[in-house]
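Throughout, protein chains are lettered first and strands after them, A, B, ... in sequence-line order, and every chain is numbered starting at 1.
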Amino acid sequence: MSEARARVVTLLTDFGEGTYVPSVKGVLLRLAPDAVLVDITHSVPPGAIGSAAHLLKHTAPCFPPGTIHLAVVDPSVGTGRLALIAEAGGFFFVGPDNGIFGEVLRGGSPRAWRIEQGEWLPPRICPTFHGRDLFAPAAAGLARGENPERFGVPTGVETLVPSPIRPPAKTADRLMGEVVWVDRFGNLLTNLDRSLIEDWAGGAPYRARVGATSIDARVHTFLDAGAGCLVLLFGSWETLEIAVPMGNASRRLGVAAGEPVIVERIHGA
Amino acid sequence: MSEARARVVTLLTDFGEGTYVPSVKGVLLRLAPDAVLVDITHSVPPGAIGSAAHLLKHTAPCFPPGTIHLAVVDPSVGTGRLALIAEAGGFFFVGPDNGIFGEVLRGGSPRAWRIEQGEWLPPRICPTFHGRDLFAPAAAGLARGENPERFGVPTGVETLVPSPIRPPAKTADRLMGEVVWVDRFGNLLTNLDRSLIEDWAGGAPYRARVGATSIDARVHTFLDAGAGCLVLLFGSWETLEIAVPMGNASRRLGVAAGEPVIVERIHGA
Amino acid sequence: MSEARARVVTLLTDFGEGTYVPSVKGVLLRLAPDAVLVDITHSVPPGAIGSAAHLLKHTAPCFPPGTIHLAVVDPSVGTGRLALIAEAGGFFFVGPDNGIFGEVLRGGSPRAWRIEQGEWLPPRICPTFHGRDLFAPAAAGLARGENPERFGVPTGVETLVPSPIRPPAKTADRLMGEVVWVDRFGNLLTNLDRSLIEDWAGGAPYRARVGATSIDARVHTFLDAGAGCLVLLFGSWETLEIAVPMGNASRRLGVAAGEPVIVERIHGA
């Protein structure tokens, strides 16, 4: 029966190893015994809301409709910042109102609720651990199929803290983006979408520049150009990547997340 | 039907990455297909029974009643040390008798069974891997709802190896505890409970001393005193923490787990 | 009802932290909502097919019959290398045809299917992420109980890329193997099976040599010889291990995976 189907709850935090993550999971399973828990990651750099927003943007849509994404990178825990439930694209999101959901709430007719305390909460809420005492109980309620109205009051999406990720800038001559993630293979993932680049280029040749290095070799998949070459490709999320197949572009170029990436036309070829 | 509800089995080890943890999980799922497995952590420092006891104390109670906590930090595996099942506060615990359960068995009318070999065990028990061959089958049996008597014989809790964690010491002038965990944000978590400190202080002002540094700024949550300040607060388990919000107290002070922490009165203020 | 029993899907990759692993999990749960997902590890060194083959050999057999092992260490993703489903010993295996399944397909009457594109696939397959777009949908289909024929065509097991792990060599005087894994405790796990060594030794004394060091102290479990001693034992998979109980053999000897290990007779004792 489909109504007996377990609801997926994902967890994305900067908590690392220790007591924090299993405490949140214990509360979720106590309040929603049929929830299926899936880790996105707990290795977001401490307080890095932009990294979390980026990871969530790319992974959240892979999950089953109705999945509840619990995301807690929350350096301002216990202060006046709002606590949120949001819904967009068939998914729920639960966490602090600090921009962490700024990317996933861009499309899909988003709705939002400001979490308010009520009888559904534990008797004592620790001001340093809303993940366990506030967000986990709200996420568990959604996993049980309860209505967001039970946990909060509707609030306008336009009043929420926006994503901290700067969108790429565009001129006639260049696109200016940045490295948003370095994966385990040293590939540099950028915030420059294939559609943005192709619309801008209009079929003309282009290259990418990061630091002092220009790259114009474009490939379809990693080994098309042979091991050890510095190449451009559109990767797993249709965004521009800079890679060294069987090598490590991040180490080769000395580049980390945050580094500017310029795409520019190749003139007089 | 509630009797069909899956039983949660948590795993806490010092096994790290590799074949050990998935082997234990494979055995658990083969013998108890409906068990829900949750990692506490597998990054306990090798052989650090005290760290494991501390982590278990704070996370075990968050889980649903009936949860089976499988904890294997077991440097003496295969020697004469006993193998245990214990029950306290509505939870089961399975692992070596080496003090790892010394904290969680302090309250809640604990009971214990010494695991004995029987027909429920695999035909060959590897002397270096009781986690897979002895503890996992016992935990799986409990997850299927079987009685601890099937796997062992009752033993007095008072005969078990005690917790290796020293309790704090108290004089009229000072409380002496220690840093028991450094979290990912560099916060120093101590073994000094709020109730212990407040009973001792009786409302008078106090400060904490760690190494050569005294801290007397007390806050409710991290950002109350502003980013970069060294502060005291009662954290997620109502124990004293030393923190640098948006910074890292462990790095600032050069302090790791095991460092003594002294709480003393502020005289002549 | 046994037919409603959830099917286990394990995941073994070199993806590390980030978006890749949770994306694969999201797809699996979307297409097979009752699958039970278990991580083997995602910390295989990038591109290390031999390490993955070794880990899979030791952990796969612990899982319930019918488990689907999804293993993606795939430096040639998107090129001409084949994509596989295989079956051996009651388990399914899904991943690239690059030797990663070379060890697990040695016994148990293996069968194999070459994955071919069909209507079961997503509309767009990213050439850099077959884990998400090709292997996860095939594994999800198997987890739903579908037949491998739905996803591919039978292919001869003898045509598959063999395991990259060299088998040990044997002369009258010595056995020559290697360190295949260093565990978290610094124990050196070799590819020398107890049965191979005992058949060769025929009851006569032997020692192991790694680098410039000879070891002849043989123990049953770690602490039999006391903390800090360099010892030989047959470990959790009945293979020769070199260990320093309460110490770290890898650091003591300066030895990593890949180092040759020689077993030789002790003459004139």
* Distance-minimising heavy-atom pair for B:Arg184 and A:Ser43 -> NH2-O, 3.2 Å
* Asked: Got a second to check how far A:His130's NE2 is from B:Thr221's OG1, nearest 0.5 Å?
  -> 7.0 Å
* To do: Between chain A and each of B:Asp183, B:Val38, B:Asp224, count heavy-atom pairs under 4.5 Å; write down the option with the most.
  => B:Asp183
* Which one, A:Leu31, A:Val21, A:Val27, leads in non-hydrogen pairs under 4.5 Å with chain B? -> A:Val27
* Taking side chain as C-beta onward, heavy atoms only, is A:Pro75 less than 4.5 Å from B:Met246? -> yes
* **Parallel, tilted or perpendicular: ring planes of B:Trp237 versus A:Tyr20, cut at 30 and 60 degrees** => parallel
Report, one line per pair, each donor and acceptor closer than 3.5 Å where one atom sits in a side chain of residues 61-73 of chain B; sequence neighbours left out.
unit_1, atom_1, unit_2, atom_2, d
B:Thr67, OG1, B:Pro64, O, 2.6
B:His69, ND1, B:Thr10, OG1, 2.7
B:His69, NE2, B:Ala60, O, 3.3

* Asked: Looking at A:Gly18, A:Cys126, A:Pro127, which has the largest count of heavy-atom pairs under 4.5 Å with chain B?
  -> A:Pro127
* **Structural part of B:Asn248 lying under 4.5 Å from a heavy atom of chain A** => neither
* Structure fact -> Counting heavy-atom pairs under 4.5 angstrom with chain B, the leader among A:Asp14, A:Asp133, A:Leu29 is A:Asp14
* Asked: Say you draw a straight line from OG1 of A:Thr128 to CG of B:Asn187; how long is it, rounded to the nearest 0.5 Å?
  -> 8.5 Å
* Asked: In terms of heavy-atom proximity below 4.5 Å to chain A, should B:Leu56 be classed as side chain, backbone, both, or neither?
  -> neither
* Structure fact -> d(B:Lys57 NZ, A:Thr19 OG1) to nearest 0.5 Å is 12.0 Å
* To do: Would you mind checking which part of A:Pro45 comes under 4.5 Å of any heavy atom in chain B, side chain (CB onward), backbone (N, CA, C, O), both or neither?
  => backbone
* Structure fact -> Under 4.5 Å to a heavy atom of chain A? For B:Leu233 that would be side chain
* Asked: What residue in A:Ser23, A:Ser76, A:Gly16 has the most heavy-atom pairs under 4.5 Å with chain B?
  -> A:Ser23
